[in-house]
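What you see below is based on every heavy atom in this structure, not just the backbone, and it leaves out hydrogens, waters and symmetry mates. Along the sequence shown, the residues carry numbers beginning at 1.
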Amino acid sequence: MLDKLLLGRYLQGDSFVHQLDPRTKFISTFVFIIIIFLANNWLTYLILAIFTLVALLASKIPMKFFWNGVKPLLWVILFTVVLQMLFTSGGDVYFEWSFIKVTSFGVINAVYIFLRFVLIIFISTLMTLTTPPLQIADAMESIMKPLGKIGVPVHEIALMLSIALRFVPTLMDEAQKIMNAQRARGVDFGEGNLFEQMKAIIPILIPLFVSSFNRAEELATAMEARGYQGGTGRTKYRVLTYGKKDGVTALTLVVLTIALVIFRGQ
């Protein structure tokens, strides 16, 4: 399962989505997460689903990668959906037992929440798969640049983000190696009750933490040896520039927002 974690992973390509400025993808993802809450009926969710499907197809990335982004959170999504279905009242009553009541309004809301979760995960996964981690960090630094005038350490925040994103796949691969080594010694991570399964994870966490601290120490030494002194006076090797495709994307989001506002009352 760890080898299917998509956070911090990038799939190289030359699609329309790949060629967008990382700031456009970052802001578009943030805006999409906000406007998805404007949807309140089947028509608005259909519009969002069509937009998401077009965006996924435009990336030319196989759909299995986006499904892999949903699978680690599937149980959390289903748990939330079940709670919404069982404890939301209104409409026709389909089932009632004690304080638990399944109603038509609860079922519809549960479906809406499921769609909302899936669409958000798809769009977030699309951004991470089509944008290198360093570009995500550069985009955040550029977007937060005005905050530097009030003393916010924008460069340092972006640096920490880029380092974190860069080493997530590395740490996951290392955790997988440690788990394989423990399995070779007879450890079964899926055996026993919940407490026993949590106890079996300890032999993974300790060497993983030690390895992480060692990597952090080595990285700090390497940065000092190369004369790193913070963001003051530093120039950019990768210069971010907006293009026509970024304008098309921004216009599409504006049209999508207007459509949701118009049809949410239908």
Side-chain angles (χ1 to χ4, degrees), residues 4-78 80-81 84 109-140 142-144 161 164-165 168-169 240 242-243 245-261 263-264:
K4 295 182 180 179
L5 187 69
L6 298 179
L7 180 63
R9 296 190 184 274
Y10 165 68
L11 296 180
Q12 190 173 3
D14 60 350
S15 68
F16 179 90
V17 182
H18 282 84
Q19 296 174 18
L20 290 175
D21 188 281
R23 293 170 295 182
T24 300
K25 286 184 275 189
F26 188 87
I27 295 174
S28 298
T29 301
F30 183 74
V31 171
F32 181 86
I33 293 174
I34 293 177
I35 65 175
I36 198 174
F37 291 96
L38 293 175
N40 64 348
N41 54 44
W42 296 110
L43 181 57
T44 50
Y45 275 102
L46 178 61
I47 294 173
L48 286 170
I50 293 174
F51 172 83
T52 303
L53 179 61
V54 171
L56 299 186
L57 294 176
S59 69
K60 298 180 181 179
I61 295 176
M63 293 298 296
K64 67 177 182 179
F65 286 98
F66 299 102
W67 173 242
N68 287 338
V70 174
K71 282 196 292 187
L73 300 173
L74 187 59
W75 290 111
V76 177
I77 296 174
L78 293 178
T80 306
V81 167
Q84 183 72 23
N109 275 350
V111 174
Y112 286 167
I113 287 178
F114 177 80
L115 293 174
R116 191 176 297 169
F117 268 114
V118 172
L119 293 177
I120 289 176
I121 293 173
F122 277 175
I123 290 295
S124 302
T125 304
L126 176 64
M127 184 192 70
T128 57
L129 289 179
T130 59
T131 313
L134 291 179
Q135 287 191 13
I136 295 177
D138 289 342
M140 284 198 63
S142 177
I143 294 170
M144 295 190 303
L161 175 66
L165 290 174
V168 164
L240 302 179
Y242 290 110
K245 294 179 179 179
D246 301 294
V248 172
T249 303
L251 181 61
T252 303
L253 276 175
V254 171
V255 173
L256 176 64
T257 304
I258 294 174
L260 292 178
V261 172
F263 292 110
R264 74 187 309 265

Decide side chain to side chain contact (heavy atoms under 4.5 Å, CB included) for I33 and I123; before the verdict, give the C-alpha distance in whole Å, the side-chain angles of both, and the deciding distance to 0.1 Å. CA-CA 9 Å; I33 293 174; I123 290 295; 5.9 Å; no
Reference residue F51; test side chain to side chain contact (heavy atoms under 4.5 Å, CB included); the match among L260, L46, L256, L56: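 By the side chain to side chain contact (heavy atoms under 4.5 Å, CB included) criterion, F51 pairs with just one of L260, L46, L256, L56: L256.
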Nearest heavy atoms of [X] and [Y], plus distance in Å:
X	Y	answer
K25	T130	NZ-O, 2.9 Å
N40	R264	OD1-O, 2.7 Å
Q12	H18	C-NE2, 3.9 Å
A39	L48	CB-CD1, 3.6 Å
Y112	N41	OH-CA, 3.2 Å
F122	F66	CE2-O, 3.5 Å

Between R23 and S142 (side chain of the first, backbone of the second, donor and acceptor by atom type, cut-off under 3.5 Å), is there such a pair?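 No: the side chain of R23 does not pair with the backbone of S142.
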If only atom types and distance count, is the side chain of D21 paired as donor or acceptor with the main-chain N or O of G243 below 3.5 Å? no
Working to the nearest 0.5 Å, report the span between [atom1] of [X] and [atom2] of [Y].
X	Y	atom1	atom2	value
T52	I36	OG1	CD1	6.5 Å
F26	T128	CZ	OG1	12.0 Å
I77	I121	CD1	CD1	3.5 Å
D138	I143	CG	CD1	11.0 Å
F37	R116	CZ	CZ	5.5 Å
M127	L20	CE	CG	12.5 Å

Working note: F117 + V76, criterion side chain to side chain contact (heavy atoms under 4.5 Å, CB included); need CA distance, chi angles, decisive distance, verdict. CA-CA 10 Å; F117 268 114; V76 177; 5.7 Å; no
Tell me if the OH atom of Y242 is crowded by more than 12 foreign heavy atoms within 6.0 Å. yes
Quick check: are there more than 12 heavy atoms from other residues, nucleotides or ligands sitting under 6.0 Å from CZ of F16? yes
Among side-chain atoms of D246 and T249, is any donor-acceptor pair under 3.5 angstrom? no
Take W42 and V111 through the side chain to side chain contact (heavy atoms under 4.5 Å, CB included) test and state the conclusion after the steps. CA-CA 10 Å; W42 296 110; V111 174; 3.6 Å; yes
Take T44 and L38 through the side chain to side chain contact (heavy atoms under 4.5 Å, CB included) test and state the conclusion after the steps. CA-CA 8 Å; T44 50; L38 293 175; over 6 Å; no
